[in-house]
J.: 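Sending over a structure as structure tokens; questions will come in a sec.
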Amino acid sequence: MLDALTVALGAAALALAAWCGFAALRNQPTKDWHFIGMAVVTVLVLAQLVVGVVKLGSGERPEQGTVLFVAYLLGAFAAVPAAGLLSLTERTKWGSVTVAAGAVVLAVLEVRLYDIWGTAGA
């Protein structure tokens with residue numbers, strides 16, 4: 001897959017986690033700016049999903065299996081939007097904590113996606 005996109009996405013997810021974590025430390029809920037950050041991260045994940053599907057369609061295969069790879073791609077795509085929706089229902093600092101946790105989960109999923117893809121496509 002595209003290593004640069006995976007690294008950029010992991011870094012963006014960790015930046016979002018730090019930003020929302022800082023808001024939680026200040027006892028603030030998620031605000032409009034946080035949702036813009038979530039949208040940027042989600043667009044990056046969508047790009048990764050498209051790249052992954054295109055690579056699979058062109059015949060490249062991940063080392064650890066296509067089904068596992070697609071499952072992780074879909075989970076990565078859902079992590080931040082799901083956390084964002086949950087933060088809308090919890091308009092306290094815990095909404096910010098939820099988004100921070102979802103972003104950390106996304107960063108971990110990125111590492112795992114990199115491992116699953118392996119060097120088969122390189």
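On a predicted model such as this, the values are computed, not experimentally measured, just so you know. What you see below is based on every heavy atom in this structure, not just the backbone, and it leaves out hydrogens, waters and symmetry mates.
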J.: In the structure I gave you, are the side-chain heavy atoms of Val80 and Leu16 within less than 4.5 Å of one another anywhere?
T.: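 In contact.
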
J.: Measuring from atom CZ of Arg61 to atom OG1 of Thr66, what distance do you get when rounded to the nearest 0.5 angstrom?
T.: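 Separation between the atoms: 4.5 Å.
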
J.: Answer with yes or no whether the hydrophobic clustering places Tyr72 together with Val105; edges join I, L, V, M, F, W, Y residues whose side-chain heavy atoms lie under 4.5 Å apart.
T.: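 Yes, because Tyr72 and Val105 connect within a single hydrophobic cluster, where side-chain heavy atoms sit under 4.5 Å apart.
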
J.: Would you say that Phe69 contacts Leu56 through its side chain, given a criterion of any heavy-atom pair below 4.5 Å between the two side chains?
T.: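 Yes, their side chains come closer than 4.5 Å.
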
J.: For the pair Leu106 and Val45, evaluate side chain to side chain contact (heavy atoms under 4.5 Å, CB included) and give the outcome as yes or no after the intermediate values.
T.: CA-CA 9 Å; Leu106 175 59; Val45 175; 3.8 Å; yes

J.: Quick one: are Leu14 and Glu110 in side-chain contact, heavy atoms under 4.5 Å?
T.: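 No, side chains not in contact.
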
J.: Under 4.5 Å between side-chain heavy atoms, counting indirect links through other Ile/Leu/Val/Met/Phe/Trp/Tyr residues: same cluster for Leu46 and Val51 or not?
T.: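 Looking at the clustering, Val51 is in the same group as Leu46.
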
J.: For Trp94, which fellow cluster members are found when Ile, Leu, Val, Met, Phe, Trp and Tyr are connected by side-chain heavy-atom distances below 4.5 angstrom, either directly or through intermediates?
T.: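 When side chains under 4.5 Å apart are linked, the cluster holding Trp94 also contains Val97.
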
J.: Could I get the full list of side chain to side chain donor-acceptor pair (under 3.5 Å) partners for Ser87, not counting sequence neighbours?
T.: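 Thr30.
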
J.: When you compare the side chain of Ile116 with that of Glu63, does any pair of heavy atoms fall below 4.5 Å?
T.: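 Glu63 does not reach Ile116 side chain to side chain.
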
J.: To which residues is Leu86 joined in a hydrophobic cluster, defined by side-chain heavy-atom contacts under 4.5 Å among Ile, Leu, Val, Met, Phe, Trp and Tyr, whether direct or through other members?
T.: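 Besides Leu86, the hydrophobic cluster comprises nothing; the residue is isolated.
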
J.: Could you pull out all residues at least two apart from Leu74 that satisfy side-chain contact (heavy atoms from CB on, under 4.5 Å)?
T.: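 If we apply the side-chain contact (heavy atoms from CB on, under 4.5 Å) test to Leu74, skipping adjacent residues, the hits are Leu49, Val70.
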
J.: Just jot down the side-chain contact (heavy atoms from CB on, under 4.5 Å) partners of Ala12, sequence neighbours excluded, or say none.
T.: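 Scan of Ala12 (side-chain contact (heavy atoms from CB on, under 4.5 Å), adjacent residues dropped) gives Val41, Leu44.
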
J.: At what distance, to the nearest 0.5 angstrom, does NZ of Lys31 lie from CD1 of Ile36?
T.: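 Those atoms lie 13.5 Å apart.
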
J.: Measure across Ala107 and Gly10 and return the closest heavy-atom pair with its distance rounded to 0.1 Å.
T.: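 Closest pair (atom of Ala107, atom of Gly10, distance): CB-O, 4.2 Å.
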
J.: To the nearest 0.5 Å, what is the distance between CH2 (Trp117) and CG (Leu73)?
T.: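 It is 9.0 Å, given to the nearest 0.5 Å.
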
J.: Give the minimum heavy-atom separation between Ala79 and Gly102, together with the two atoms involved.
T.: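 The answer is CB-O, 4.1 Å.
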
J.: If hydrophobic clusters are built by linking Ile, Leu, Val, Met, Phe, Trp and Tyr wherever their side-chain heavy atoms come under 4.5 Å apart, do Leu9 and Val108 end up in the same one?
T.: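 Each belongs to a different hydrophobic cluster.
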
J.: Taking all non-hydrogen atoms of both residues into account, name the closest pair between Ala103 and Ala13 and its distance.
T.: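 Shortest heavy-atom separation between Ala103 and Ala13 comes out as CB-O, 3.2 Å.
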
J.: Strictly by ring-ring contact (aromatic ring centres under 6.0 Å, His included), give each pair with a member in residues 4-28 just once, sequence neighbours left out.
T.: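 Counting only pairs at least two positions apart or across chains, the ring-ring contact (aromatic ring centres under 6.0 Å, His included) contacts touching residues 4-28 are Trp19-His34.
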
J.: Run the side chain to side chain donor-acceptor pair (under 3.5 Å) test against Thr92 and tell me which residues pass, sequence neighbours left out.
T.: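 Applying side chain to side chain donor-acceptor pair (under 3.5 Å) to Thr92 gives Glu90.
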
J.: Hydrophobic cluster membership, with links at side-chain heavy-atom distances under 4.5 Å among I/L/V/M/F/W/Y: are Val43 and Val53 in one?
T.: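 No, it is not one cluster - the side chains of Val43 and Val53 are not joined through contacts under 4.5 Å.
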
J.: Using the side-chain contact (heavy atoms from CB on, under 4.5 Å) criterion, which residues pair with Leu88? Sequence neighbours excluded.
T.: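 Leu88 satisfies side-chain contact (heavy atoms from CB on, under 4.5 Å) with Phe35, Leu85, Arg91 only.
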
J.: Do Ser96 and Leu25 have side chains that get closer than 4.5 Å, going by heavy atoms?
T.: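 A side-chain contact under 4.5 Å is absent here.
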
